[in-house]
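Each remark here refers to the structure printed beneath this line.
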Amino acid sequence: MKKTTKKKITTKRNKLPKCPTGIKGLDEITEGGLPKNRITLVSGNGGSGKTLMGIDFLIKGATAYNEPGVLMSFEETDDEQYKNVASLNMDLAGLVSQKKILLQHVVLDRKEIQEKDFNLEGIFVRLEEAIDSIGAKRVVLDSLESIFSGVTDNGVLRFEMKRLFRWLKEKQVTTIVSGEQGANGSYTRHGLEEYISDCIILLDNRVRDQIATRRIRIVKYRGSKHGTSEYPFVIDDEGLSVIPITSAGLNQPGTNKRVSTGIPSLDKLFTGRKGYTRGSTILTSGTAGSGKTSFAGAFALDSCKHGERCLYFSYEESTGQLVQNMNSIGIDFAPWIEKGLLKIVALRPSFLGLELHLLNVYKLVDSFKPKAVVVDPLTSLVGEGEQREVSSMITRMIDLFKSRSITTFFTSLVSANFQSNTSGEIGVS
Ligand SMILES: Nc1ncnc2c1ncn2[C@@H]1O[C@H](COP(=O)(O)OP(=O)(O)OP(=O)(O)O)[C@@H](O)[C@H]1O
Ligand SMILES: [Mg+2]
């Protein structure tokens with residue numbers, strides 16, 4: 001039989017080249033990073049993390065991508081920049097002395113700015129020198145407002161702005177400029193964002209219930225797909241981390257493999273096979289004192305006995321209490337903790353707030369690489385935020401575990417009058 005082959009119409013698109021930021025999660029929501037050799041505006045209110053994001057972009061560029069970078073700051077002096085990152089676990093000074101990052105603090109002369117024929121020539125000269133001296137591929141200008149702080153003539157402002165951006169593009173560097181949000185919802189105080197056609201990122205910092213949550217949103221990204229939601233992000237001593245809502249995607253291959261429940265008679269109840277499906281999520285719910293933690297303990301112990309690391313989140317009991325309680329039913333955790341196969345994290349989720357807690361979970365999973373996780377009890381998370389937030393957090397947690405093929409054991413406390421609701425009042429099953 002003659003094979004009929006349809007001619008494929010290939011719509012080969014020129015994919016926009018991207019510059020990976022190296023900032024955790026940001027490259028996922030931007031699908032690869034910032035537009036390469038173009039300009040990205042990072043806008044936000046005071047303290048929202050604009051400067052840190054710029055510095056983080058340069059540090060990751062220098063350390064992970066071998067791309068030197070220039071930070072030109074019109075606000076903070078070099079000393080202040082060092083202080084900014086002193087709280088971070090990053091060696092800015094070291095990178096500066098290795099000529100991988102160049103800090104340049106520019107004090108603009110007010111008198112000069114107010115002149116009618118103001119131009120950025122002086123800045124171009126210094127920036128060019130800086131870029132050429134270390135072969136910079138990345139540039140951060142902090143901030144747009146301060147460059148133009150004294151310029152009152154709108155025509156001049158716009159003309160110089162366009163010139164600056166054109167010049168940067170010709171220079172073939174990937175640039176972040178920071179901007180402050182204007183009163184009327186614009187992304188820069190002078191409404192200059194219309195000149196940034198490539199990418200605009202908005203940072204936001206709100207406080208609710210005494211817990212600050214930082215959000216990041218890609219407002220626009222010309223020529224590229226990107227995540228459109230608001231994503232929580234955190235600043236800690238490793239810099240910025242964005243937590244994508246469903247980074248993992250649910251494309252984990254299914255498996256037939258089983259892991260033991262740790263209780264032989266219970267294993268038998270799983271028809272034909274022994275135990276839980278590897279990589280699955282198990283929810284045990286019951287009223288207070290019904291033995292949920294004991295089931296969790298048996299599962300954790302069995303995982304360790306098979307040489308597989310187990311991460312145990314104990315939200316309501318301290319490590320000491322948990323170990324002691326388990327001991328009383330013949331489960332000895334101590335040797336496994338010593339061997340480094342069992343890690344108990346005893347911490348109330350409210351201690352950090354949901355988002356930081358989730359980030360902490362991400363980091364622990366990345367560093368400890370467990371094959372089994374226990375969350376005891378999952379219901380502790382309820383009441384730590386609005387229901388939507390709690391379920392979104394739990395979804396992300398489950399996505400994370402599934403994407404790493406981790407078998408997860410949740411316990412859930414149900415009050416006596418909810419016994420018929422086996423999903424445990426939180427919509428997980
Ligand atoms: N190690 C750290 N752990 C947690 N948070 C930190 C750490 N270091 C700095 N921060 C926080 O990061 C923020 C710093 O923000 P940054 O200076 O980048 O903001 P900005 O948007 O540039 O502000 P401005 O508009 O005032 O220049 C502060 O809110 C600070 O509390
Ligand atoms: Mg700043």
Side-chain angles (χ1 to χ4, degrees), residues 21-26 34 40-61 69-93 95 101 103-108 138-149 175-183 185-190 192-193 196 199-208 210-219 230-243 347 351-363:
T21 60
I23 295 172
K24 218 173 173 178
L26 182 59
L34 305 181
T40 296
L41 171 69
V42 175
S43 170
N45 36 29
S48 59
K50 304 180 292 292
T51 303
L52 267 184
M53 181 166 173
I55 295 179
D56 206 2
F57 170 69
L58 295 182
I59 292 181
K60 300 272 161 52
V70 170
L71 171 67
M72 194 173 235
S73 155
F74 307 91
E75 303 192 318
E76 285 155 297
T77 63
D78 295 359
D79 254 12
E80 285 169 291
Q81 297 293 7
Y82 286 123
K83 270 189 215 135
N84 265 340
V85 289
S87 67
L88 309 183
N89 204 358
M90 296 178 174
D91 183 20
L92 182 60
L95 292 167
I101 289 183
L103 300 180
Q104 178 119 148
H105 180 238
V106 179
V107 186
L108 294 166
R138 301 181 179 211
V139 168
V140 172
L141 299 178
D142 190 25
S143 69
L144 205 52
E145 273 73 26
S146 50
I147 305 179
F148 294 102
S149 52
T175 307
I176 288 183
V177 292
S178 66
E180 231 168 82
Q181 262 183 294
S186 67
Y187 299 112
T188 60
R189 245 191 279 152
H190 306 289
L192 294 166
E193 62 265 30
I196 300 182
C199 183
I200 298 179
I201 295 176
L202 183 64
L203 304 182
D204 179 35
N205 191 15
R206 328 171 186 157
V207 181
R208 214 175 52 202
Q210 279 120 50
I211 291 173
T213 44
R214 298 178 184 277
R215 311 265 154 177
I216 183 169
R217 183 160 69 88
I218 315 294
V219 177
E230 272 193 319
Y231 303 89
F233 77 96
V234 287
I235 298 175
D236 65 7
D237 53 11
E238 282 162 39
L240 266 78
S241 315
V242 179
I243 311 166
L347 188 83
F351 180 69
L352 296 169
L354 280 186
E355 250 119 41
L356 263 186
H357 176 68
L358 182 63
L359 182 79
N360 199 25
V361 173
Y362 265 81
K363 288 192 166 165

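Just so you know, ligand 1 is whichever comes first in the structure, and atom 1 is the first atom listed for that ligand.
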Should L240 and L26 count as side-chain neighbours, where that means a heavy-atom distance under 4.5 Å? no
Output the list of atoms in ligand 1 that are nearer than 4.0 Å to some heavy atom of G49, sorted by atom number. 15 (O), 16 (P), 18 (O), 19 (O), 20 (P), 21 (O)
Minimal non-hydrogen separation, F233 against R215, with atom names: CE2-O, 3.2 Å
Judged by heavy atoms only, the candidate from E238, K50, R214 nearest atom 28 (C) of ligand 1 is R214
With a cutoff of 4.0 Å, is G44 in contact with ligand 1, counting heavy atoms of the residue only? no
Examine all N, O or S atoms of T51, backbone included, and report whether one is under 2.8 Å from the Mg ion (ligand 2). yes
Partner of T21 under side-chain contact (heavy atoms from CB on, under 4.5 Å), chosen from D56, V242, L34: L34
N or O contact, N205 vs ligand 1, cut-off under 3.5 Å: no
Carefully, step by step, assess K24 and E238 under the rule salt bridge (Lys or Arg N to Asp or Glu O under 4.0 Å). CA-CA 10 Å; K24 218 173 173 178; E238 282 162 39; 5.7 Å; no
Counting from 1 in the order shown, the ligand 1 atoms closer than 4.0 Å to a non-hydrogen atom of T51 are 18 (O), 20 (P), 22 (O), 27 (O)
Between CG on residue D142 and CD1 on residue I55, distance to nearest 0.5 Å: 7.5 Å
Specify the protein heavy atom at minimum distance from atom 24 (P) of ligand 1: its residue, its atom name, and the distance to 0.1 Å. G47 N, 3.6 Å
I'd like to check L58 versus I176 (side-chain heavy atoms, cut-off strictly below 4.5 Å). Are they in contact? no
Side chain E145, main chain R189, donor-acceptor under 3.5 Å: yes
Could you report the tightest heavy-atom contact between S241 and L359, atom names first, then the distance? CB-CD1, 3.6 Å
Just need the protein heavy atom nearest to atom 18 (O) of ligand 1, so name the residue and atom and give the distance. L52 N, 2.8 Å
For atom 1 (N) of ligand 1, what's the nearest protein heavy-atom neighbour? Residue, atom name and distance, please. S87 O, 3.2 Å
Could you check atom 6 (C) of ligand 1 against the protein and tell me its nearest heavy-atom contact, residue, atom and distance included? I235 CG2, 3.4 Å
Counting from 1, what ligand 1 atoms have a heavy atom of N45 closer than 4.0 Å? 21 (O)
